[in-house]
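Single-structure report; data block below.
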Amino acid sequence: AQSVTQLGSHVSVSEGALVLLRCNYSSSVPPYLFWYVQYPNQGLQLLLKYTSAATLVKGINGFEAEFKKSETSFHLTKPSAHMSDAAEYFCAVNFGNEKLTFGTGTRLTIIP
Amino acid sequence: SAVISQKPSRDICQRGTSLTIQCQVDSQVTMMFWYRQQPGQSLTLIATANQGSEATYESGFVIDKFPISRPNLTFSTLTVSNMSPEDSSIYLCSVEGGLVLTYGYTFGSGTRLTVV
């Protein structure tokens with residue numbers, strides 16, 4: 001069955017530390033992969049996407065993600081966390097049927 | 001990428017009533033999607049709306065409860081019918097611009113619904 005898993009519903013990092021948010025998927029076909037961010041009381045904003053080009057994808061606000069087919073993963077990273085990065089992050093996958101399937105989300109807290 | 005205007009941004013409704021949410025896109029799009037985000041939860045797809053055809057509903061969602069209209073390529077409505085407190089959620093519309101490789105999926109700012 002096709003699914004998206006985000007490990008860790010809550011992640012806390014210190015300001016300036018590395019941010020790592022994990023996303024794994026299950027699919028027999030190459031998917032399209034997305035990371036979205038949701039700030040409090042706002043809609044979803046696209047951070048970055050993988051669409052079968054370069055496996056290392058750079059997005060907005062200093063975030064990047066690497067598609068690893070062998071690990072069926074698409075983890076989101078940022079070298080140095082900023083207070084403004086505190087938000088909910090969603091990994092989403094298009095399994096080739098026009099729809100997006102979302103992971104359960106990870107709430108990122110930045111410790112001053 | 002497309003720009004979506006979603007209205008209302010929030011509402012408080014009495015149980016047993018209905019609310020219609022509007023989604024206006026600034027460009028023509030083939031597919032529009034409606035999602036529900038329950039408090040503290042992720043997004044769940046309610047239905048996919050194509051212009052000129054009946055909406056396709058996901059498992060657990062029915063047309064009588066969530067009727068959808070798609071009169072043209074830039075507009076859609078979702079109605080939440082006969083509401084109960086369990087319908088309190090954020091409802092979001094989304095579009096895929098036809099060029100997933102370039103634009104991804106764009107989301108409206110959401111409608112925060114509270115049923116009392």
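Values below: all heavy atoms of this structure, side chains included; hydrogens, waters and symmetry mates excluded. Each chain gets a letter, A, B and so on, in the order its sequence line appears, and its residues count up from 1.
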request  = Kindly compute the distance separating CD (Q6(A)) from OG (S42(B)), expressed to the nearest 0.5 Å.
outcome  =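 Between atom CD of Q6(A) and atom OG of S42(B) there are 7.0 Å.
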
query = Between OG1 of T48(B) and CG of L100(A), what distance do you get to the nearest 0.5 Å?
reply =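 Nearest 0.5 Å value for the OG1-CG distance: 10.0 Å.
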
Can you give each donor-acceptor pair under 3.5 Å made by side-chain atoms of residues 68-77 of chain B, sequence neighbours left out, with the distance rounded to 0.1 Å?
unit_1: S69(B); atom_1: OG; unit_2: T77(B); atom_2: OG1; d: 2.6
unit_1: R70(B); atom_1: NE; unit_2: N72(B); atom_2: O; d: 3.0
unit_1: R70(B); atom_1: NE; unit_2: F75(B); atom_2: O; d: 3.4
unit_1: R70(B); atom_1: NH1; unit_2: T30(B); atom_2: O; d: 2.9
unit_1: R70(B); atom_1: NH1; unit_2: A49(B); atom_2: O; d: 2.9
unit_1: R70(B); atom_1: NH2; unit_2: V29(B); atom_2: O; d: 2.7
unit_1: R70(B); atom_1: NH2; unit_2: L73(B); atom_2: O; d: 3.2
unit_1: N72(B); atom_1: OD1; unit_2: T74(B); atom_2: N; d: 2.9
unit_1: N72(B); atom_1: OD1; unit_2: T74(B); atom_2: OG1; d: 3.0
unit_1: N72(B); atom_1: OD1; unit_2: F75(B); atom_2: N; d: 3.0
unit_1: T74(B); atom_1: OG1; unit_2: Q24(B); atom_2: NE2; d: 3.3
unit_1: S76(B); atom_1: OG; unit_2: W34(B); atom_2: NE1; d: 3.1
unit_1: S76(B); atom_1: OG; unit_2: S69(B); atom_2: O; d: 2.8

key: Steps toward side-chain contact (heavy atoms from CB on, under 4.5 Å) verdict (Q37(B), F90(A))   = CA-CA 12 Å; Q37(B) 185 178 24; F90(A) 293 97; 3.5 Å; yes

query = Quick one: do K99(A) and E58(B) make a salt bridge, cutoff under 4.0 Å?
reply =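 Yes, charged N to carboxylate O under 4.0 Å.
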
message = So does F107(B) get a backbone contact from the side chain of Y36(A), meaning a donor-acceptor N/O pair under 3.5 Å?
response =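 No.
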
task = Taking S109(B) for its side chain and Q42(A) for its backbone only, find out whether a donor-acceptor pair lies under 3.5 Å.
result =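 Not a single qualifying donor-acceptor pair exists.
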
inquiry  = What part of Q38(A) gets within 4.5 angstrom of chain B, counting heavy atoms only: side chain, backbone, both, or neither?
reply    =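 The side chain, not the backbone.
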
key: Greater than 12 external heavy atoms within 6.0 Å of I12(B)'s CD1   =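 Counting neighbours around CD1 of I12(B), 12 or fewer heavy atoms of other residues, nucleotides or ligands fall under 6.0 Å, so no.
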
query = Do other residues, nucleotides or ligands put more than 12 heavy atoms under 6.0 Å from the CD atom of Q2(A)?
reply =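 Atom CD in Q2(A) is crowded, with more than 12 foreign heavy atoms closer than 6.0 Å.
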
request  = Could you tell me which non-hydrogen atom of L92(B) sits nearest to which non-hydrogen atom of G43(A), and how far apart they are?
outcome  =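 So the two residues come closest at CD2-CA, 4.4 Å.
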
What donor-acceptor contacts under 3.5 angstrom involve side-chain atoms of residues 64-72 of chain A, with partners at least two apart or in another chain?
unit_1: E64(A); atom_1: OE1; unit_2: K58(A); atom_2: NZ; d: 2.8
unit_1: T72(A); atom_1: OG1; unit_2: Y25(A); atom_2: O; d: 3.3

message = Can you confirm whether L44(A) sits close enough to L43(B) that some side-chain heavy atom of one is under 4.5 Å from a side-chain heavy atom of the other?
response =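 Touching, per the 4.5 Å side-chain cut-off.
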
